[in-house]
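FYI, side chains are in, hydrogens and waters are out, and symmetry mates aren't considered; it's all heavy atoms of this structure. Throughout, a chain's letter reflects where its sequence line sits, starting with A, and its residues are numbered from 1.
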Amino acid sequence: MQEEAVTSDGCHLLIVAGPGTGKTMVLVSRILFLLKRGEKPENILAVTFTNKAASEIRRRLSRAGAGRLPRIGTFHSWAYGLVSEKTGTRPYVLCEREQMDLLREARQGAGIKAGAKDIFQRLSLLKQRVDVRLVDQDQDLLAFSEEYHRLLKKYGVWDYDDLLLKALKIIESGDYACLKHVLVDEFQDVNPVQYRLVELTGRRARVTAIGDPNQSIYGFRGASPSYMERCKEDLRPVSIIKLNVAYRCPQKVLDTAASLMGVKRPLVSARPQSGHIRFGLFENEQREANWIATEIDRMAGGLSFESFNMRNQASFGERSLSDICILYRAKVLSAPIEAALSRRGIPFHVPVRLSGTEQKAITLFRHLFEFSTGRAMDYHLSRLGIKTEEARRLSSFLEGVAQKRHSEDKFLESFRQVFHVEMTEEEASMIRKHIRISENDVPASLIFKEEQDGVDFSVEAVTLMTLHASKGLEFPVVFLAGVDREIMPWKETDKEEERRLLFVGMTRSSDRLFITSSRNRRLYGKRVRTGPSPFLKGIEAFFSPVKLGTGRPAKKSIRRKQKNLF
DNA sequence: CACTAGAAAATTTTT
DNA sequence: TTTTCTAGTG
């Protein structure tokens, strides 16, 4: 099936690829196939949702000796390319923080009482759709939208949504460099504007769309899995290929996951039969966390007692810490787990999250820096509270700054002297910690250190992250923590999307899967009664339960324990 | 405008 | 419980 997907020819192609079926491999191989067949790289475009995914594809292509690479990038970088080509400028796109600042301003200007975040969320979702008329919306939203877009225009800056909308206009006009092949990864995550972009491009080019409707977990930001069905109508003629063999999960995990989704025919595992699924119900989140920590300790060969050096060579049956991940629905749930791991001296890493203060400091620096590159100068000046006149007189100084590749400190120092911009030492150190001025790009640009370095999975540490962040990753040992009522699914959210989220979590495992839940949980300072997630009902038959609280497998009273679970 | 007290919210995330 | 938001003061 993979080969058929790679070499399919003649019309559009929809590849339905379940977890671990070799989605990225097929995508990369197909690009190689097209290149080898003589397609010019500039006629091929591969679209992803994240820069990380784009780099991964680029990396794999290079390693396979692809030679000159086709265009590979996110939807937004594609849009950015179209817009800058058309307008002959380099649009300045607001980061999240800048956007928030601007929308607060817009909220003031429009005199709206409703919460800023709330009204903006609504507007953004609206802008991701093509089938809604703004005129039909309520007065507050209308007034807000008008003021917000007036500000964007005034400052000459863009937001992400507008970038895509403008790109759509360009594609609609037909005035763009022709493509022959467009390949879209994670197709189940497209929002309406992105879908329309692909569909329109598909009238002149061949589309290869790869995705898995069961892994659509971004409905809250406008995505809809329905497009995987809809494209069968819009992209014609289309071949549809399903990849049914999974190379990651053991059969048992696939069967359980299929049962969760109500799928009749589970994927077929190509792995040697292994893997078991254990379920543990605990009294509270402390016990749950302790049990997870103890289990990891044991699996990794007793970290508490072994010497540090022994850790790297996991002996037979033992696990390396980097093989293990703990997933949870929301970041708030990680605290007790982090504490339990720390108590046992088990190293772990969590994706960094920037505090509000850090974001603020970084944005301040971004304004300074971007101002010096000469883009959207009025905008940055207005944010910094510097008069335009004052700045103009210093233009010669500025020319120097962007070119000289100053270190972050030097850069700041220059600005302090010339503009008297105040910055506390605390802020400066936050900036140093997270931001670097790129030495490779021309013109120079800012780089988030974490973004560049990413998570280093070779480090001997357990990985903690949200279920969402785990999509696309794979670990031999997966713990799904806090699979409770009210948490999974989260409060009043879309149940089916939450179900898919659990599906994503379960299918990260290439060997062992642990699911834990708690009867009581402290959440936002309140103790709430939870208990197992309703999603687990109906699939418990696949689990081996864990004896409550102690961490020992329940050998004797399995039946009774199972009855008690719900 | 900068600061702060008190209120209100608190997922999930990328660009 | 902790962080973020916002209106109101200085």
A:Glu288 pairs by salt bridge (charged side-chain N to carboxylate O under 4.0 Å, His left out) with which of A:Arg519, A:Arg522, A:Arg521?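 The salt bridge (charged side-chain N to carboxylate O under 4.0 Å, His left out) with A:Glu288 is passed solely by A:Arg521 among A:Arg519, A:Arg522, A:Arg521.
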
Within 45 degrees of the axis of the six-membered ring of A:Phe120 and under 6.0 Å from its centre: does A:Arg107 put its NZ or CZ there? no

So, do A:Phe75 and B:dT15 meet the stacking rule of ring centres under 5.5 Å and planes under 30°?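 No, A:Phe75 does not stack on the base of B:dT15.
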
Output yes when at least one side-chain N/O atom of [X] is less than 4.0 Å from OP1 or OP2 of [N], else no.
X	N	answer
A:Asn51	B:dT15	yes
A:Lys491	B:dT12	no
A:Thr466	B:dT13	yes

Side-chain contact test, heavy atoms from C-beta onward, threshold under 4.5 Å: evaluate it for A:Gln194 versus A:Tyr227 and give yes or no.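 They are not in side-chain contact.
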
Is any side-chain heavy atom of A:Met261 less than 4.5 Å from a side-chain heavy atom of A:Arg500? yes

Can you list the stems that include DNA chain B, where a stem is three or more consecutive Watson-Crick or G-U pairs with distances under 3.5 Å? B:1-10 with C:1-10

Roughly how many Å apart are B:dT12 and C:dC5, using the P atom of each and rounding to a whole number?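 It works out to 14 Å between them.
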
Taking atom NZ of A:Lys526 as the centre, report whether more than 12 heavy atoms of other residues, nucleotides or ligands fall under 6.0 Å from it. no

Rounded to the Å, how far apart are [X] [atom1] and [N] [atom2]?
X	N	atom1	atom2	answer
A:Gln121	B:dT11	CD	P	12 Å
A:Leu523	C:dT2	CG	P	13 Å
A:Leu467	B:dT12	CG	C1'	9 Å
A:Arg521	B:dA10	CZ	P	20 Å

Base, sugar-phosphate, or nothing for A:Phe220, non-hydrogen atoms under 4.0 angstrom?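 The residue A:Phe220 makes base contact.
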
Name the nucleic acid region contacted by A:Lys526, choosing base, sugar-phosphate or nothing; use a 4.0 angstrom heavy-atom cut-off, strictly under.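 No contact.
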
Which pair of non-hydrogen atoms, one from [X] and one from [Y], has the smallest distance, and what is that distance?
X	Y	value
A:Leu102	A:Tyr379	CD1-CE1, 4.3 Å
A:Asn51	A:Ser55	O-OG, 2.7 Å
A:Leu260	A:Arg499	O-NH1, 3.0 Å

Minimum-distance nucleotide to A:His468 side chain [options: B:dT15, B:dT11, B:dT13]: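 For A:His468, the side-chain atoms sit closest to B:dT13.
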
A:Tyr524 has its side chain closest, among B:dT13, B:dT14, B:dT11, to B:dT11

Side-chain donor-acceptor pair present, A:Ser518, A:Asn284, cut-off under 3.5 Å: no

Per-nucleotide protein contact string for nucleotides 3-10 of chain C (B base, S sugar-phosphate only, - none; heavy atom under 4.0 Å): -SSSS---

